[in-house]
Number of protein chains: 2
Amino acid sequence: MTYGSTAHEVLAVVFQVRGVDSGEGQPALHVLLWQRALDPERGRWSLPGGRLGHDEDLTTSVRRQLAEKVDLREIAHLEQLAVFSDPARVPGGRTIASTFLGLVPSAATPALPSDTCWHPVSELPEMAFDHRPMVEHAHTRLAAKLSYTNIGFALTPTDFAISTLRDIYCAALGYQVDATNLQRVLERRNVITRTGSTARSGRAGGRPPALYRFTESRYRVTDEFAALRPPG
Amino acid sequence: MTYGSTAHEVLAVVFQVRGVDSGEGQPALHVLLWQRALDPERGRWSLPGGRLGHDEDLTTSVRRQLAEKVDLREIAHLEQLAVFSDPARVPGGRTIASTFLGLVPSAATPALPSDTCWHPVSELPEMAFDHRPMVEHAHTRLAAKLSYTNIGFALTPTDFAISTLRDIYCAALGYQVDATNLQRVLERRNVITRTGSTARSGRAGGRPPALYRFTESRYRVTDEFAALRPPG
DNA sequence: ACAAAAGTGTTTCCAATACACCCATGG
DNA sequence: CCATGGGTGTATTGGAAACACTTTTGT
């Protein structure tokens, strides 16, 4: 068995639901990509990230590399996902990629470098290397976790109306979610709490919505057992 | 930012439920460990694995390295888990570890090298480096997945009685599971199927148990949505 | 007054649990 | 015939979905 030199990179799939409360069309889930200026794969779109530094662990590295693209404070959740290790996944020297899921709240409007922008996940551009399956995998994980964790806190503004929350869940899940049931599921699990205040009515009138916020802004599993839960 | 040389290793947390149908005591979840003969950490117990080869992906590497410890055909399920990347996690050169979850059916009795044996997860020995948290993490993942996937197929013999299945679930989960409910949950989800045949009664008599098998012996999520499932 | 949006009440459904009871075998 | 373990029937629970209806605002 030979052990050639192996580089290690981190790549982040950073999602944001964009177009909330804009009044124009439905909000949609977007992913942060930058366009390659040089070969290989010039012109194609890449996930932010880069080579792991000598003295950092993976999470530190992702945070450092994302700081070039978006303000760190905007990233409300960051979590390790799968490793992509095909020896031929990128040309040149062998590089193993650890992928991360990053979430940015809807309200945030980070300044972006000129080569970087948000793309709707429903219509991804031509992507470099194996970055497209990475986005798809991250999207699958996000959708699954919305159903049994409080991960929504990382996609929403601090305070929000239930209808806004519904729009965000719809965009991230890709199907219609009923606002009433969403409210009750999350209230029952004590994931969201009423703030007590209300927002203004929209342009077309209507009752002013009560504002909610996530009870905790730390990732937590809220429904661990689909079945076979411990007795009692 | 400096990029020193970085090695990459794979480590497998291989579980088996041992002591099923032995008549002696309760079966227990065991993990496969080998004892280090040399420094560093001489005498402590390690997870099987080793350095990633130049031309293999992670899964190939784990399979290759496990082949030295157990027969490949005995490993019914193998899946990537977390990466451990603390720069100081092992002495010497920097080494990133990708961990895997491996499962061996109860009936299998693989021949083991002399430095290798099964240890009950409930009383782990002194372990080398950061291997203990790796075992704990893998155990947590296994327990969670037993509740919403068909992953049990990789822990059981091909054909089994429900009471045997219950013993295996109890050992892996660490709490009591009701055989009746286990049967119905898995039948409803079409995870297990009756074979039509029955086993013999045990030494103390009793009705002969019907035999079941897992409908599919490929990993599958059987209860994707804890809540917020798509309409319809 | 009316439309629009938010929120509540109520019904239905179904998976999962709990437990009582029946079945088949060995000794 | 009875102890032992296996299997079935059935009631209860509780979370989630579906939907009708009420409340509160702007125009």
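A, B, ... follow the sequence lines: proteins, then strands. Residue 1 opens every chain.
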Q: Which residues pass the salt bridge (charged side-chain N to carboxylate O under 4.0 Å, His left out) test with A:Arg189, sequence neighbours left out?
A: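 So A:Arg189 forms a salt bridge (charged side-chain N to carboxylate O under 4.0 Å, His left out) with A:Asp223.
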Q: Would you classify B:Ala161 as touching base, sugar-phosphate or nothing, given that sugar-phosphate means primed atoms plus P, OP1 and OP2, and contacts are heavy atoms under 4.0 Å?
A: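 Here B:Ala161 touches no strand at all.
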Q: Here's a test for you: under side-chain contact (heavy atoms from CB on, under 4.5 Å), which of A:Val13, A:Leu81, A:Ile75, A:Leu58 qualifies with A:Phe100?
A: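 Testing A:Phe100 for a side-chain contact (heavy atoms from CB on, under 4.5 Å) against A:Val13, A:Leu81, A:Ile75, A:Leu58 leaves exactly one candidate, A:Leu58.
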Q: Checking B:Ser201 now: which residues fulfil side chain to side chain contact (heavy atoms under 4.5 Å, CB included) with it, not counting sequence neighbours?
A: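 B:Ser201: side chain to side chain contact (heavy atoms under 4.5 Å, CB included) contacts with B:Pro208.
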Q: Residues two or more places apart in sequence or in another chain: which of them pass salt bridge (charged side-chain N to carboxylate O under 4.0 Å, His left out) with B:Asp178?
A: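 Expected list: none.
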Q: Do the rings of B:Phe214 and B:Phe160 sit parallel, tilted or perpendicular, given the 30° and 60° boundaries?
A: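 If you compare the ring of B:Phe214 with that of B:Phe160, the planes turn out tilted.
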Q: Report yes if at least one side-chain N or O of B:Arg229 is closer than 4.0 Å to OP1 or OP2 of D:dA16; otherwise report no.
A: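 The answer is no; no side-chain N or O of B:Arg229 sits under 4.0 Å from OP1 or OP2.
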Q: I'd like a table of atom pairs between the protein and nucleotides 9-13 of chain C - only N or O on both sides, under 3.5 Å - with the distance next to each one.
A:
from, atom 1, to, atom 2, distance (Å)
C:dG9, N7, A:Arg184, NH1, 3.4
C:dG9, N7, A:Arg184, NH2, 3.2
C:dG9, O6, A:Arg184, NH2, 2.4
C:dT10, O4, A:Arg184, NH1, 3.3

Q: Rounded to whole Å, please give me the gap between CZ in A:Arg188 and C1' in D:dA16.
A: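 Spelled out: CZ on A:Arg188 to C1' on D:dA16 is 7 Å.
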Q: Grab the CG-C1' distance between B:Leu211 and D:dG6 for me, whole Å please.
A: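 Nearest whole value for this atom pair: 12 Å.
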Q: Rounded to the Å, how far apart are A:Leu182 CG and C:dA6 P?
A: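 From A:Leu182 CG to C:dA6 P: 13 Å.
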Q: So how far is it from A:Arg18 CZ to A:His30 NE2, rounded to the nearest 0.5 Å?
A: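 One gets 6.0 Å once the value is rounded to the nearest 0.5 Å.
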Q: What about A:Trp45 and A:His131, are their ring centers closer than 6.0 Å?
A: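 A:Trp45 vs A:His131: aromatic centres not under 6.0 Å.
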Q: When you measure from the side chain of B:Val185, which nucleotide among D:dG15, C:dA16, D:dT8 comes out closest?
A: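 Of all the options, the side chain of B:Val185 is nearest to C:dA16.
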Q: If you check the B:Gln183 side chain, which of C:dA18, D:dT8, C:dG7 turns out closest?
A: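 So the side chain of B:Gln183 is nearest to D:dT8.
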Q: Just checking, any donor-acceptor pair under 3.5 angstrom between side chains of A:Thr193 and A:Thr215?
A: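 Note: A:Thr193 and A:Thr215 side chains meet the donor-acceptor criterion.
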Q: Tell me, please, which residues at least two apart from A:Glu79 pass side chain to side chain donor-acceptor pair (under 3.5 Å).
A: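 For A:Glu79 the side chain to side chain donor-acceptor pair (under 3.5 Å) partners, ignoring immediate neighbours, are A:His77, A:Lys145.
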Q: Tell me which of B:Ala226 and B:Ala210 sits closer to the 5' end of DNA chain D, going by the nucleotide each one is nearest to.
A: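 Final value for this comparison: B:Ala210.
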Q: CZ/B:Arg89 to CG/A:Asp57 distance, rounded to the nearest 0.5 angstrom?
A: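 CG of A:Asp57 is found 12.0 Å from CZ of B:Arg89.
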Q: For nucleotides 23-26 of chain D, print each protein N/O atom paired with a nucleotide N/O atom at under 3.5 Å, atom names and distance only.
A:
from, atom 1, to, atom 2, distance (Å)
D:dT23, O2, A:Arg207, NH1, 3.2
D:dT24, O2, A:Arg207, N, 3.2
D:dT25, O2, A:Gly206, N, 2.9

Q: Report which part of the nucleic acid A:Arg166 touches: base, sugar-phosphate, or nothing (heavy-atom distance under 4.0 Å, all strands).
A: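 It contacts nothing in the nucleic acid.
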Q: Nearest to the side chain of B:Asp223, which nucleotide is it out of C:dA16, D:dA16, D:dA18?
A: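 Within the option list, the nearest is C:dA16.
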Q: To the nearest Å, how far apart are B:Phe225 CZ and C:dA15 C1'?
A: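 Distance, rounded to whole Å: 17 Å.
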Q: Just the rounded figure in Å: distance from P of D:dA17 to CD of A:Gln176.
A: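 It is 14 Å, rounded to the nearest whole Å.
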Q: Grab the CD-C1' distance between A:Glu187 and D:dG15 for me, whole Å please.
A: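 Interatomic distance, CD of A:Glu187 to C1' of D:dG15: 15 Å.
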Q: How many Å lie between CG on A:Asp178 and C1' on D:dC19, as a whole number?
A: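 Rounded to the whole Å, the gap is 9 Å.
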Q: Starting at atom CZ of A:Arg189, determine the distance to atom P of D:dA16, rounded to an integer number of angstrom.
A: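 It works out to 5 Å between those atoms.
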